[in-house]
Amino acid sequence: MNYKMIGRFLAQTLFVVILFMIPALMISLWCGETDAVRGFLLAMAVMALVDGVLWLLCRAAPSAFHAREGFVCVALSWIIMSLFGCLPFYISGAIPTFIDAFFETVSGFTTTGASILSDVESLANGLKYWRSFTHWLGGMGVLVFLLAINPGGGKSSGFTMHLLRAESPGPNVAKLVPKMRKTAAILYLIYIGLTILDIIFLLLGNMPMLDAVCTAFGTAGTGGFGVKNDSIAGYSNYIQWVTTVFMLLFGVNFSCYYLLLLREFRGVFKDEELRLYLGIIGCSILLIVLDLRGYYASLSETVRYAAFQVTSIITTTGFATTDFDLWPSFSKTILLCLMVVGACAGSTGGGIKVARVLLIFKSLRRNIRQIMHPRSVQVIRSSNQVVDERIVDNTNAYLAAYVIIFVFSVIAVSLDGFSTGTNVSAVLACFNNIGPGLEAVGPSCNFSGFSVFSKLVLILDMLAGRLEIFPILVLFSRGTWKRS
């Protein structure tokens, strides 16, 4: 295990977090928010001290870096930046309990959006900004950002692929261009471009600047932290439709946007995952609109609410314009299913991913065919390309781990005595990085009622969901820490 290389990456991660806290500090200084300023300054001082010690101890790290170190590095980086990223909330007194501050920050970085706050509007503006920015930074990944800006990213034993594979969502990670650093840079440029475009459209709807920036951060990272207690419900129909469209866009595999930039429209059209993703959204909206007939004043209002909530849930954003916990059972069941499915691989969304759902069904169909024709050789194809058997095996292993973690998590949080609907939807909401669940954790409620133990379980679920399970499992495996 290359401990010094891991330490060096942890130091770089902390340095990035310190840099990105500066705008939040500036906002608090501008608004005269004394407690928030104190929280940011002390947090940055603590991080700078730890960062300096780590850098001094690990600056001469050997270059050998393998898959095991990649998984450990990613898992530890996300835990470390959440532990230190929560300090402004805790030190300022905005969130008096450290475990609650940690829960809120993990929820931010993992783009979950599950909150323990009952009055978001009472937060200082600088803290609102930082809370929403954690979504944006976590959406594409802080280590992907480091790879994008690191000029030496491709010179050290191929470690960039190990990091990108461990942090990026989906069953498979492919290069857009030969060099991984350039791939990471392209991904972030697309990400930044779409975020700026979202902010512009929100400002055109007369949304206040801070609200527009924070909402765009939550939409881009498919996180869902709102700056209003009613999430997006209090804004105009125009802003709700803009948010719906951009949530859908950020749930698409970013490689599709790269193909569009190259004008390879045929490749985008042939993408089976994209077609299934759009098909699921369209069918879900239609079914919910039919189920909600007469529930709202007009058909256009029904379509707007249904389109917003379907897109918000499948992309695991978690914004809300209405209390969907009051909808009929059929509509709520559809939303629960969408929580599990999630967005496309290679997007900022969570969940199992549409690509994996597609592979599971194709694998099931292949097995049925092999039962009927034992001597035939069956391969799985996706978008006219043969899928590597290792990807199929990885998908099956992911699904098994997903079910096991889900079951044990539900059992663990049920000790608090909430209803089965609350427990199941809370775990689904955190594990799939969605945010709101049903009943006691519905869109009009929050997660503050859970015990410290349950919050720790849900924190692990959020981290496991964002990092695609395996980095967290590797981190807690005894074999990881043994000498090779």
**Item:** Donor + acceptor pair across side chains of D416, S451 (<3.5 Å)
**Value:** yes
**Message:** Counting neighbours of OH on Y238 that are heavy atoms of other residues, nucleotides or ligands and sit closer than 6.0 Å, is the number greater than 12?
**Reply:** yes
**Prompt:** Are the charged groups of K353 and E273 less than 4.0 angstrom apart, N to O?
**Reply:** no
**Message:** Once you measure the plane-to-plane angle for Y305 and Y296, does it fall in the parallel (<30°), tilted (30-60°) or perpendicular (>60°) bin?
**Reply:** tilted
**Fill in**
Per side chain to side chain contact (heavy atoms under 4.5 Å, CB included), R356 is matched among F361, Y402, Y398 by Y398
**Asked** Could you give the distance from CG (N432) to CZ (F406), rounded to the nearest 0.5 Å?
**Response** 9.0 Å
**Request:** Calculate, to the nearest 0.5 Å, the distance between atoms OG1 and CG belonging to T215 and L203 respectively.
**Result:** 10.0 Å
**Message:** Would you compute the distance between atom CG of D291 and atom CH2 of W327 and round it to the nearest 0.5 angstrom?
**Reply:** 9.5 Å
**Prompt:** Angle class for the W136/F20 ring planes (parallel below 30°, perpendicular above 60°, tilted otherwise)?
**Reply:** perpendicular
**Prompt:** When you look at N396 and V392, which way does the side chain to side chain contact (heavy atoms under 4.5 Å, CB included) test go after all the steps?
**Reply:** CA-CA 6 Å; N396 293 333; V392 178; 3.9 Å; yes
**Request:** Decide if atom CG of N229 counts as having more than 12 heavy atoms of other residues, nucleotides or ligands within a radius under 6.0 Å.
**Result:** yes
**Request:** To the nearest 0.5 angstrom, please state how far the SG atom of C86 sits from the CH2 atom of W130.
**Result:** 10.5 Å
**Request:** Considering non-hydrogen atoms only, spot the tightest contact between A36 and A124 and give its length.
**Result:** CB-CB, 3.9 Å
**Message:** What I want to check is whether the side chains of T348 and Y191 have a donor and an acceptor closer together than 3.5 Å.
**Reply:** no
**Prompt:** In terms of side-chain heavy atoms, does E439 have a donor or acceptor partner in S419 at a distance below 3.5 Å?
**Reply:** yes
**Request:** Kindly say whether Q309 contributes a backbone atom to a donor-acceptor pair with the side chain of S312 at under 3.5 angstrom?
**Result:** no
**Item:** Side-chain donor or acceptor of K228 paired with backbone N/O of E121 under 3.5 Å
**Value:** no
**Prompt:** How far apart are the C-alpha atoms of V427 and L458, what are their side-chain angles, what is the distance that settles it, and do they pass the side chain to side chain contact (heavy atoms under 4.5 Å, CB included) test?
**Reply:** CA-CA 7 Å; V427 172; L458 295 174; 4.2 Å; yes
**Request:** Over 60° means perpendicular and under 30° means parallel, so classify the ring planes of F98 and Y90, tilted if in between.
**Result:** perpendicular
**Message:** What verdict does the side chain to side chain contact (heavy atoms under 4.5 Å, CB included) test give for L399 and I360, after you've listed the backbone C-alpha separation in whole Å, the side-chain angles of each residue and the deciding distance to 0.1 Å?
**Reply:** CA-CA 9 Å; L399 186 62; I360 289 167; 3.8 Å; yes
**Asked** Would you say the side chain of L83 lies within less than 4.5 Å of the side chain of F102, judging by non-hydrogen atoms?
**Response** yes
**Item:** Spatial distance of atom SG (C31) from atom CD1 (I27) [nearest 0.5 Å]
**Value:** 7.0 Å
**Asked** Only one of V407, V413, L415 forms a side chain to side chain contact (heavy atoms under 4.5 Å, CB included) with I411, so which one is it?
**Response** V407
**Message:** Does F201, at its CZ atom, have more than 12 non-hydrogen atoms belonging to other residues, nucleotides or ligands within less than 6.0 Å?
**Reply:** no
**Request:** Can you see which heavy atom on F225 is nearest to which on G108, and at what distance?
**Result:** CE1-CA, 3.5 Å
**Message:** Please find the pair of heavy atoms, one from F103 and one from M462, that lie closest to each other, and give the distance.
**Reply:** CE1-CE, 3.8 Å
**Request:** State the CG-CG distance between L286 and L290, to the nearest 0.5 angstrom.
**Result:** 4.5 Å
